There are 2 protein chains.
Amino acid sequence: MAPRDYGQYCGVTRAVELVGERWALLIVRDLLVGPRRYGELAAGLPRIPSNILAARLKELQAEGVLRRVPRSRVVVYELTPFGRELEPVVLALGAWGAKAMGVPREGQIITPDSMTVSLRTAFRPQVAAELPATAYAARVGPAELRIRVDGPALDVTREDGPVDLAFATGPGILRLLSGELAPGRAIATGVVEVLRGPRDLLDRFADTFHLAA
Amino acid sequence: MAPRDYGQYCGVTRAVELVGERWALLIVRDLLVGPRRYGELAAGLPRIPSNILAARLKELQAEGVLRRVPRSRVVVYELTPFGRELEPVVLALGAWGAKAMGVPREGQIITPDSMTVSLRTAFRPQVAAELPATAYAARVGPAELRIRVDGPALDVTREDGPVDLAFATGPGILRLLSGELAPGRAIATGVVEVLRGPRDLLDRFADTFHLAA
DNA sequence: CCGCATCCCATGTGATACTG
DNA sequence: CAGTATCACATGGGATGCGG
């Protein structure tokens with residue numbers, strides 16, 4: 001009997017045996033955004049010890065959750081189809097955990113990949129479908145994201161391009177998404193700084209992305 | 001900074017900080033079925049050391065996931081509203097993990113609460129709505145469950161009462177739910193033993209409860 | 001520099017025993 | 001029955017090293 005075996009024949013149990021170890025679901029979270037190199041994963045999880053990252057990648061690979069893909073000179077890790085089916089799990093966890101985030105603590109960061117997943121969690125396709133297509137450039141700390149909403153479709157990338165609204169913000173952005181902070185107050189209090197574009201587009205942004213309380 | 005702090009301001013991260021410890025989500029799983037006493041939780045998680053169970057209950061209580069409720073002479077633990085909102089997470093995990101359960105290993109058990117959650121995961125309300133109301137009595141190992149399906153509603157209890165079909169089975173029942181085993185073959189191979197009632201009701205059962213592959 | 005492997009220590013976990 | 005105490009051990013964290 002393996003140390004991680006809970007001794008039950010049950011789906012939940014099996015799932016936590018596979019991805020219940022520390023850091024595992026955060027690695028999955030980042031890989032849901034796209035294939036990543038070892039160093040990119042390490043950068044997105046600044047506090048993970050390198051031996052743990054290496055160990056998790058091996059375990060998740062052995063379990064069929066992700067794949068190690070040698071790609072012209074470099075190696076990338078990507079989710080298998082089985083691993084990609086964790087998306088509902090990760091989004092559900094994110095939606096639940098968002099309710100308990102409180103205010104950002106000292107030293108807490110937002111990474112591009114975690115922000116991308118948060119946006120996917122908060123995205124309301126049925127609301128977006130009623131609104132005109134819009135592109136946003138969001139600078140969250142050191143990360144720059146381009147968010148394109150077109151009907152019920154969402155695309156978040158790290159490349160830049162033309163946008164309707166550009167704004168800079170920090171961890172407080174998630175308080176805007178939770179509805180705790182109104183767009184107007186977010187601008188007034190400096191939580192969000194509009195760089196380019198009409199500031200009332202931030203209302204549209206807040207309508208489009210909303211973490212239910 | 002707490003040892004369990006991942007240092008990120010992100011919903012997924014917060015969630016695994018709260019319920020990512022070993023055993024925590026299994027405790028939540030059982031409490032999703034109903035309030036439980038300490039001894040009942042211990043019985044449903046046979047391999048959990050008592051000190052770990054005690055520690056988890058304290059942590060989850062401090063986090064607002066569950067509550068310790070003194071009830072006439074005894075103490076029960078029950079989920080808070082916040083904790084109950086973990087149901088989508090647990091069901092999503094169960095649905096995902098079910099795909100990787102394989103065949104039951106030596107010593108793996110099914111508890112009444114884990115089976116109840118598995119049934120909730122597998123329940124297809126839209127299919128059930130088209131079928132006549134049906135009550136099943138399922139004996140899974142030592143556990144006896146009464147499963148009542150009425151339109152799109154599901155009720156699983158441990159009390160007995162009149163049923164249309166009574167059957168006895170073991171861990172292999174989940175292979176029936178996954179569609180890996182057809183109802184006819186489940187009976188023929190002895191995975192399911194029909195005790196009372198028309199055996200073709202097992203087809204209806206398999207239609208009503210299905211874990212997608 | 002990237003992709004890890006090694007070392008050492010702190011912490012968490014597990015088994016068992018024990019107590020109100 | 002509902003936990004607490006104790007101790008051995010496994011795992012995680014952080015620093016460092018090292019080969020390609």
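Values reported hereafter were calculated over all heavy atoms of this structure, with side chains retained and with hydrogens, waters and symmetry mates removed. Source: prediction; values computed, not measured. Protein chains get the first letters and strands the later ones, always in sequence-line order, with residue 1 at the start of each.
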What pairs of residues pass the side chain to side chain donor-acceptor pair (under 3.5 Å) test when at least one of them lies in residues 34-46 of chain A, not counting sequence neighbours?
Arg36(A)-Asp113(A)

When the distance from CD1 of Ile48(B) to P of dT13(C) is rounded to whole Å, what number comes out?
10 Å

Could you write out each protein N or O paired with an N or O of nucleotides 6-9 of chain D at a distance under 3.5 Å?
unit_1: dT6(D); atom_1: O4; unit_2: Asn51(B); atom_2: ND2; d: 3.3

Go through the steps to decide whether Thr111(B) and Ser114(B) satisfy the test side-chain hydrogen bond (donor to acceptor under 3.5 Å, both in side chains), and finish with yes or no.
CA-CA 5 Å; Thr111(B) 66; Ser114(B) 78; 3.2 Å; yes

Is Ser50(A) side chain donor-acceptor paired with the dA5(C) base, going by distance under 3.5 Å alone?
yes

Using a cut-off of strictly less than 4.0 Å between a heavy atom of the residue and any atom of DNA chain C, enumerate the qualifying residues of residues 56-66 of chain A by number.
Lys58(A)

Send over the distance from Glu40(A) CD to dC1(C) P, rounded to a whole Å.
16 Å

Closest listed nucleotide, where the reference is the side chain of Arg22(B) and the choices are dT4(D), dT13(C), dA5(C):
dT13(C)

According to a strict under-4.0 Å criterion, is Trp23(B) in side-chain N/O contact with OP1 or OP2 of dT13(C)?
no

Taking the basic N atoms (NZ, or NE/NH1/NH2) and the acidic carboxylate oxygens, is any pair closer than 4.0 Å for Glu17(B) and Arg105(A)?
yes

Whole-Å distance separating the CG atom of Leu53(B) from the P atom of dG14(C):
12 Å

Measure CG/Asp5(A) against P/dA15(C) and give the value in whole Å, please.
11 Å

Could you check which of dG12(C), dT16(C), dG14(C) has an atom nearest any side-chain atom of Glu21(B)?
dG12(C)

In terms of side-chain heavy atoms of Arg37(A), which of dC4(C), dG3(C), dT11(D) is nearest?
dG3(C)

Within residues 68-78 of chain B, find the residues that approach DNA chain D with a heavy atom at under 4.0 Å, and present them sorted by residue number.
Arg68(B), Tyr77(B)

Working for side-chain contact (heavy atoms from CB on, under 4.5 Å), residues Leu41(B) and Asp30(B)
CA-CA 7 Å; Leu41(B) 288 170; Asp30(B) 286 2; 4.1 Å; yes

Whole angstrom is fine here: how far is it from CZ in Arg47(B) over to P in dA15(C)?
8 Å

Carboxylate-amine/guanidinium proximity below 4.0 Å for Glu63(A) and Arg4(A):
yes

Report the distance from atom CG of Leu45(B) to atom C1' of dG3(D), rounded to the nearest whole Å.
16 Å

Under 3.5 Å, is there a donor-acceptor pair between the side chain of Thr169(A) and the main chain of Val191(A)?
yes

For DNA chain D, the dot-bracket notation using Watson-Crick and G-U wobble pairs below 3.5 Å, [ ] for pseudoknot-type crossings and | for other-strand pairs, is .|||||||||||||||||||

Heavy-atom pair of closest approach, residues Ala212(A) and Lys99(A):
O-CE, 3.6 Å

State whether the side chain of Thr13(B) and the backbone N or O of Gln8(B) hold a donor-acceptor pair below 3.5 Å, judged by distance alone.
no

Separation of atom CD1 in Ile52(B) from atom C1' in dT16(C), rounded to whole Å:
13 Å

Between Tyr9(B) and Gln108(A) the two heavy atoms that sit nearest each other are CD1-OE1, 3.4 Å

Over all heavy atoms of both residues, which pair between His210(A) and Gly179(A) is shortest? Give the atoms and the distance, please.
CE1-CA, 3.8 Å

Taking the six-membered ring for Trp, are Phe123(A) and Phe209(A) parallel (under 30°), tilted (30 to 60°) or perpendicular (over 60°)?
tilted

Looking at Tyr6(A), is Arg22(B) sitting on its ring face, NZ or CZ under 6.0 Å from the six-membered ring centre and within 45 degrees of the normal?
yes

Test: side chain to side chain donor-acceptor pair (under 3.5 Å). Region: residues 150-165 of chain A. Which pairs qualify, not counting sequence neighbours?
Arg148(A)-Asp155(A)

Nearest to the side chain of Tyr38(B), heavy atoms from C-beta on, is which of dG3(C), dG14(D), dG3(D)?
dG3(D)

Between Gly94(A) and Thr121(A) the two heavy atoms that sit nearest each other are C-CG2, 4.2 Å

